[in-house]
Amino acid sequence: MSDEHRVSLSSKLPYKYMSTSIKDNIAQIKERISNAALKTGNAPEDIKLVAVSKTVSESKIREAIACGITILGENRIQEAKRKINVIGKPVCWHLIGHLQSNKVKHAVALFDLIQSVDSISLAQEIDRRAKKLNKVMEVLIQVNIGQETTKHGTLDNELMEMLEMVSALNNVSVQGLMAIPPFMSVPDDSRPYFCRMRELFELASCQNIPGVNMRYLSLGMSHDFEVAIAEGANMVRVGTAIFGARHRASPV
Ligand SMILES: *Cc1c(COP(=O)(O)O)cnc(C)c1O
């Protein structure tokens, strides 16, 4: 999505995002997650909520943590580093944005899960840096499910080969898949992409690749997380609907 689009989208947010209280927003999101989970026969606690805090101030993040948020998602290394230094680790921090190889060293030291691993060479660099820190870095493989030139991720026909290769890395542990499908103004239109991701997730689980755990399927954002859960997501990444519209455009 272009920054231009993101700004115009924010200015047209429906009333349900206009609530001023982070506390109320989180309560509402959690209830909607519960309802969506129950409809698919899942327990509400099986769905992980990642509060996307990019561009959000530290005081608002603390407020969200006080309201029970346990996972925060950031997409820029410098910004995350500053926040993690002051807020620390009463919560888990996930990297959800594209990672450049020259920043892997910092990312491995800072994050509990890197959701945006999109190439074998990036996984290899993460492995090398994690080894030095004596850490096993948990990651999700990002799939470019809409095959968009503007988005990162492995193509779905390359996923199995990538999983095989990453499984050979001792200091990287695959925990599932992540995708950001093409933006659809009507959330239901994202269903085929979510559905295909669910198929890939199940296919990957069936391969029983040693060292690859298919625990998390990270799909769905503020405007479409209920559809994502209906199609099998067990991790959703929600920013705007918790913290309100972002004023500074932030690259996906
Ligand atoms: C910003 C971002 C989100 C959250 O988007 P909202 O529409 O504000 O909920 C989710 N996932 C990724 C990868 C993002 O960059």
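All values reported here derive from a predicted model rather than from experimental measurement. Sequential numbering from 1 along the given sequence is applied to the chain's residues. Excluded from the calculations below are hydrogen atoms, water molecules and symmetry mates; all remaining heavy atoms, backbone and side chain alike, are included.
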Student: So which atom in Arg237 and which in Ala179 form the shortest heavy-atom distance, rounded to 0.1 Å?
Tutor: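 Looking at all heavy atoms of both residues, the shortest contact is NH2-O, 3.2 Å.
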Student: Given side-chain contact (heavy atoms from CB on, under 4.5 Å), test Glu74 with Ile61 step by step and report yes or no.
Tutor: CA-CA 11 Å; Glu74 288 282 340; Ile61 295 175; 4.2 Å; yes
Student: In Å and rounded to the nearest 0.5 Å, what is the CD1 to CD1 distance from Ile26 to Ile33?
Tutor: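 Reported value, rounded in 0.5 Å steps: 10.5 Å.
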Student: Between Arg196 and Glu199, does any side-chain N to carboxylate O distance fall below 4.0 Å?
Tutor: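 Looking at Arg196 and Glu199, the cut-off is met.
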Student: State, to 0.1 Å, how close Ser167 and Pro210 come at their nearest heavy-atom pair, and which atoms those are.
Tutor: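 Heavy atoms of Ser167 and Pro210 come nearest at CB-O, 3.4 Å.
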Student: Mind checking the CG-CE spacing from Leu219 to Met235? Nearest 0.5 Å is all I need.
Tutor: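 Answer for the CG-CE pair, Leu219 versus Met235, is 11.0 Å.
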Student: Closest approach of Gln147 and Leu155, non-hydrogen atoms and distance?
Tutor: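 Between these two residues, the closest heavy atoms are CG-CD2, 4.0 Å.
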Student: With a 4.5 Å heavy-atom cut-off, do Asn35 and Arg32 have their side chains touching?
Tutor: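 The answer is no; the side chains never approach within 4.5 Å.
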Student: Could you check whether any side-chain N or O of Asn42 sits under 3.5 Å from a backbone N or O of Leu38, counting only pairs where one atom can act as donor and the other as acceptor?
Tutor: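 Pair absent, no side-chain N/O of Asn42 close to backbone of Leu38.
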Student: Side chains of Gln207 and Ser205: any donor to acceptor distance under 3.5 Å?
Tutor: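 Distance-only check fails for Ser205 and Gln207.
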Student: Measuring from atom CD1 of Ile141 to atom CG of Leu159, what distance do you get when rounded to the nearest 0.5 angstrom?
Tutor: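 So the gap between those two atoms works out to 7.5 Å.
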Student: Could you tell me whether a side-chain N or O of Asp127 sits under 3.5 Å from a main-chain N or O of Asn171, the two making a donor and an acceptor?
Tutor: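 Here the side-chain-to-backbone pair exists.
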Student: Indicate yes or no: does Arg198 engage Glu202 in a salt bridge with an N to O separation below 4.0 Å.
Tutor: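 A salt bridge links Arg198 with Glu202.
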Student: Quick check for you: to the nearest 0.5 Å, what is the distance between Met160 atom CE and Ile209 atom CD1?
Tutor: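 Rounded to the nearest 0.5 Å, the CE-CD1 separation comes out at 7.0 Å.
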Student: Measuring from atom CG of Leu99 to atom CG of Asp118, what distance do you get when rounded to the nearest 0.5 angstrom?
Tutor: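 CG of Asp118 is found 8.0 Å from CG of Leu99.
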Student: Any salt bridge linking Glu79 with Arg82? Criterion: basic side-chain nitrogen under 4.0 Å from a carboxylate oxygen.
Tutor: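 Result for this pair is no, no salt bridge flagged.
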Student: Rounded to the nearest 0.5 Å, what separates atom SG in Cys92 from atom CG in Leu113?
Tutor: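 Answer for the SG-CG pair, Cys92 versus Leu113, is 8.5 Å.
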Student: Between Lys83 and Glu58, is there a salt bridge with N-O shorter than 4.0 Å?
Tutor: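 A salt bridge is absent here (no side-chain N lies under 4.0 Å from a carboxylate O).
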Student: Taking all non-hydrogen atoms of both residues, which atom of Ala228 and which atom of Gly220 are closest, and how far apart?
Tutor: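 Closest approach of Ala228 to Gly220: CB-CA, 3.6 Å.
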Student: Checking Ser218 against Gln115: is there a side-chain donor and acceptor pair closer than 3.5 Å?
Tutor: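 Side chains of Gln115 and Ser218: pair found under 3.5 Å.
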Student: Looking just at side-chain N and O atoms, do Thr154 and Gln142 make a donor-acceptor pair shorter than 3.5 Å?
Tutor: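 The answer is no; no qualifying pair exists.
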Student: Can a donor-acceptor pair be found between the side chains of His152 and Asn144 at a distance below 3.5 Å?
Tutor: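 Result is no, nothing qualifies.
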Student: Do NZ/NE/NH1/NH2 and the carboxylate oxygens of Glu231 and Arg191 come within less than 4.0 Å?
Tutor: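 So Glu231 pairs with Arg191 through a salt bridge.
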